[in-house]
2 protein chains.
Amino acid sequence: MVEKLIRHIQGIVALSSEEIDIIKSLVKEREVPRKKFLHQAGEIPYYSAFVVEGCLRSYTVDRNGFEHILQFAPENWWISDMYSVVKNQPSILYIDALIDSKVLLLSRSCQLSLFDSIPKLERYFRILTENALASSNQRTINYLSLSAKERYERFCEMYPSLIHTIPQKSVASYIGITPEFLSKLRAERIKV
Amino acid sequence: MVEKLIRHIQGIVALSSEEIDIIKSLVKEREVPRKKFLHQAGEIPYYSAFVVEGCLRSYTVDRNGFEHILQFAPENWWISDMYSVVKNQPSILYIDALIDSKVLLLSRSCQLSLFDSIPKLERYFRILTENALASSNQRTINYLSLSAKERYERFCEMYPSLIHTIPQKSVASYIGITPEFLSKLRAERIKV
DNA sequence: CGTATTTCTTAACTTACATTAAGAATTAGA
DNA sequence: TCTAATTCTTAATGTAAGTTAAGAAATACG
């Protein structure tokens with residue numbers, strides 16, 4: 001399992017075998033069955049999770065009980081509550097598994113000590129965070145400038161594999177519309 | 001001018017005087033008068049800018065000619081087009097000055113070489129990028145779960161100083177509504 | 001395999017926000 | 001200081017997307 005993470009890191013920075021051993025010793029394996037939580041709102045999140053197998057998601061629940069999905073994390077993605085980790089505040093995010101999944105957990109304190117012992121890992125995470133920020137900015141721009149229909153089309157282009165993996169209502173929750181309205185958009189699309 | 005940047009960096013990581021000299025040698029001073037561009041859509045952006053004085057913003061223009069503001073950068077903030085820098089693609093963002101401003105420019109290639117010569121700077125930017133991602137995620141959640149009125153109230157809480165510095169229409173553009181509707185919300189608010 | 005649960009669709013009705021337009025207030029800068 | 005340009009407000013009208021509800025389809029799982 002850890003090999004998958006090591007390969008992912010090596011795709012960005014080279015590691016010696018001693019460094020690989022250090023990483024292996026600090027990371028914990030964990031299974032997350034479908035619908036089980038890795039993390040719940042209100043807790044202070046200590047971990048980032050690397051998805052080895054399956055797919056997780058992070059989301060909030062608003063005062064009316066509606067879920068709003070912030071992130072999907074398929075294989076080879078990291079997922080965490082960056083806001084809580086950075087501000088050291090209780091989380092408003094839930095993280096759970098959409099399908100039976102396996103993850104590797106890295107606590108924030110281990111991560112910070114890794115940055116000291118293996119500076120290349122600070123580079124690895126710096127690059128990942130830059131990419132995540134670029135994507136997040138793009139999502140904000142889409143929100144500000146596109147209609148619901150256009151956001152759906154972008155989603156289909158960007159995550160073609162997810163379309164067939166996750167329920168429609170999760171797509172709706174990610175692009176910020178109701179499942180009923182998404183259903184309507186899809187019906188129109190087929191008609192034309 | 002550069003002293004302001006050095007102080008900002010030292011607020012996060014300690015620097016030796018040799019390191020300070022290296023940074024000083026790589027950074028370029030530049031004035032950006034009100035309404036002048038630092039960067040335009042279509043160009044490949046080579047620089048990140050640190051705002052020493054004034055206030056810049058980044059924004060897109062949609063096909064109907066409407067502006068959508070991605071970021072405000074008051075004093076002591078960095079601004080860049082992370083998407084283009086990371087993906088190395090032509091930008092869809094414009095960056096200009098809201099008021100007469102002074103900035104320090106750091107090219108991506110200088111930044112990357114600084115990461116090798118002064119690893120502490122990789123930490124500095126890793127931390128800034130984590131913070132920016134946390135804020136961006138929060139903004140996405142606000143978008144998904146709050147009404148226009150609530151988003152305006154959050155904006156007032158988060159950027160109290162900007163409210164009096166920038167035009168209303170820029171606030172509207174940032175929170176994703178028309179200036180007319182913001183005007184209406186404000187009128188209702190005063191009434192109650 | 002069959003039942004319960006979840007998800008998806010359709011349709012009538014509602015609402016939050018956009019559009020258009022025109023005048024008032026503010027600000028820029030010659 | 002004066003005029004032009006920009007920004008802000010108000011109000012009538014339009015529409016994209018939400019709400020409610022009820023049945024159909026798909027999926028989970030005992």
Side-chain angles (χ1 to χ4, degrees), chain A residues 33-36 54-55 57 59 61-69 96-101 142-156 162-192, chain B residues 32-36 54-55 57 59 61-69 72 96-101 142-156 162-192:
Chain A
R34 187 176 128 84
K35 296 203 176 179
K36 292 291 180 206
C55 188
R57 62 163 184 167
Y59 65 97
V61 178
D62 69 25
R63 80 178 74 87
N64 303 312
F66 289 108
E67 295 176 1
H68 303 281
I69 297 180
D96 69 5
L98 289 167
I99 49 178
D100 292 345
S101 303
N142 286 347
Y143 236 102
L144 294 172
S145 59
L146 300 181
S147 67
K149 188 180 190 171
E150 289 166 323
R151 273 179 275 138
Y152 176 62
E153 282 159 4
R154 289 284 170 93
F155 186 92
C156 294
L162 279 184
I163 293 290
H164 307 291
T165 321
I166 65 177
Q168 299 285 340
K169 64 166 199 164
S170 294
V171 177
S173 164
Y174 185 90
I175 64 176
I177 59 175
T178 58
E180 293 85 353
F181 191 61
L182 178 55
S183 190
K184 198 176 187 177
L185 291 179
R186 284 166 49 80
E188 278 172 26
R189 231 185 161 202
I190 292 160
K191 222 183 295 166
V192 180
Chain B
V32 190
R34 188 177 127 83
K35 296 205 177 177
K36 293 292 179 206
C55 187
R57 63 163 184 168
Y59 64 97
V61 177
D62 69 25
R63 80 178 73 86
N64 302 314
F66 289 108
E67 294 176 2
H68 303 281
I69 297 180
F72 295 109
D96 68 6
L98 289 168
I99 48 179
D100 292 346
S101 303
N142 285 348
Y143 235 103
L144 294 173
S145 59
L146 300 182
S147 68
K149 188 180 190 170
E150 290 166 322
R151 273 179 275 139
Y152 176 62
E153 282 160 4
R154 290 283 170 94
F155 187 92
C156 293
L162 279 183
I163 293 291
H164 307 291
T165 322
I166 66 177
Q168 298 285 340
K169 64 165 200 165
S170 295
V171 177
S173 165
Y174 184 91
I175 64 177
I177 60 175
T178 58
E180 292 86 354
F181 191 61
L182 178 55
S183 191
K184 199 175 184 177
L185 291 179
R186 285 166 47 80
E188 279 172 27
R189 231 184 161 204
I190 292 160
K191 221 182 295 167
V192 179

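Chain naming here is simple, since letters A, B, ... match the order of the sequence lines and numbering starts at 1 in each.
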Practice problem: For B/Glu188 and B/Lys184, run side chain to side chain contact (heavy atoms under 4.5 Å, CB included): C-alpha distance rounded to whole Å, both residues' side-chain angles, the deciding distance at 0.1 Å, then the answer. | Solution: CA-CA 6 Å; B/Glu188 279 172 27; B/Lys184 199 175 184 177; 4.2 Å; yes
To check you understand the geometry: which heavy-atom pair defines the closest contact between [X] and [Y], and what is its length?
X	Y	result
A/Arg154	A/Asn142	NH1-OD1, 3.2 Å
A/Ser101	A/Gly54	OG-CA, 3.4 Å
B/Ile177	B/Ala148	CG2-CB, 3.6 Å
B/Asp100	B/Arg34	OD1-N, 2.7 Å
B/Leu144	A/Ile69	CD1-O, 3.6 Å
A/His68	A/Ser173	CA-OG, 3.4 Å

For [X] and [N], give me the distance from atom [atom1] to atom [atom2], rounded to whole Å.
X	N	atom1	atom2	value
B/Ile166	D/dC8	CD1	P	10 Å
B/Lys35	C/dG29	NZ	C1'	11 Å
A/Arg186	C/dC8	CZ	C1'	9 Å
B/His164	D/dT7	NE2	P	19 Å
B/Lys169	C/dT26	NZ	C1'	14 Å
B/Ile163	D/dC8	CD1	P	11 Å
A/Phe66	C/dT7	CZ	C1'	15 Å
B/Leu144	D/dG18	CG	C1'	15 Å

Quiz item: Taking the six-membered ring for Trp, are B/Phe155 and B/Phe72 parallel (under 30°), tilted (30 to 60°) or perpendicular (over 60°)?
Solution: perpendicular
Exercise. Go through D/dT6, D/dT9, C/dC8 for me and flag the one nearest to the A/Pro167 side chain.
Key: C/dC8
Practice problem: Run the salt-bridge test on A/Asp96 and A/Lys35 with the 4.0 Å N-O cut-off and return the result as yes or no. | Solution: no
Self-check item: Sequence-aligned protein contact record of nucleotides 22-30 of chain D, with B where the base is within under 4.0 Å of a protein heavy atom and S where only the sugar-phosphate is
Solution: ------S--
Quiz item: Has the side chain of B/Asp62 got a donor or acceptor atom that lies under 3.5 Å from a matching backbone atom of B/Asn64?
Solution: yes
Quiz prompt | Under 3.5 Å: donor-acceptor pair, side chain of B/Tyr174, backbone of B/Lys169 | solution = no
Quiz prompt | Stems where DNA chain D pairs, listed by first number, each of three or more Watson-Crick or G-U pairs under 3.5 Å | solution = C:1-30 with D:1-30
Just the table, please: protein N/O against nucleotides 15-18 of chain C N/O, every pair under 3.5 Å.
{"unit_1": "C/dC17", "atom_1": "OP1", "unit_2": "B/Ala148", "atom_2": "N", "d": "3.1"}
{"unit_1": "C/dA18", "atom_1": "OP2", "unit_2": "B/Thr178", "atom_2": "N", "d": "3.3"}
{"unit_1": "C/dA18", "atom_1": "OP2", "unit_2": "B/Thr178", "atom_2": "OG1", "d": "3.2"}

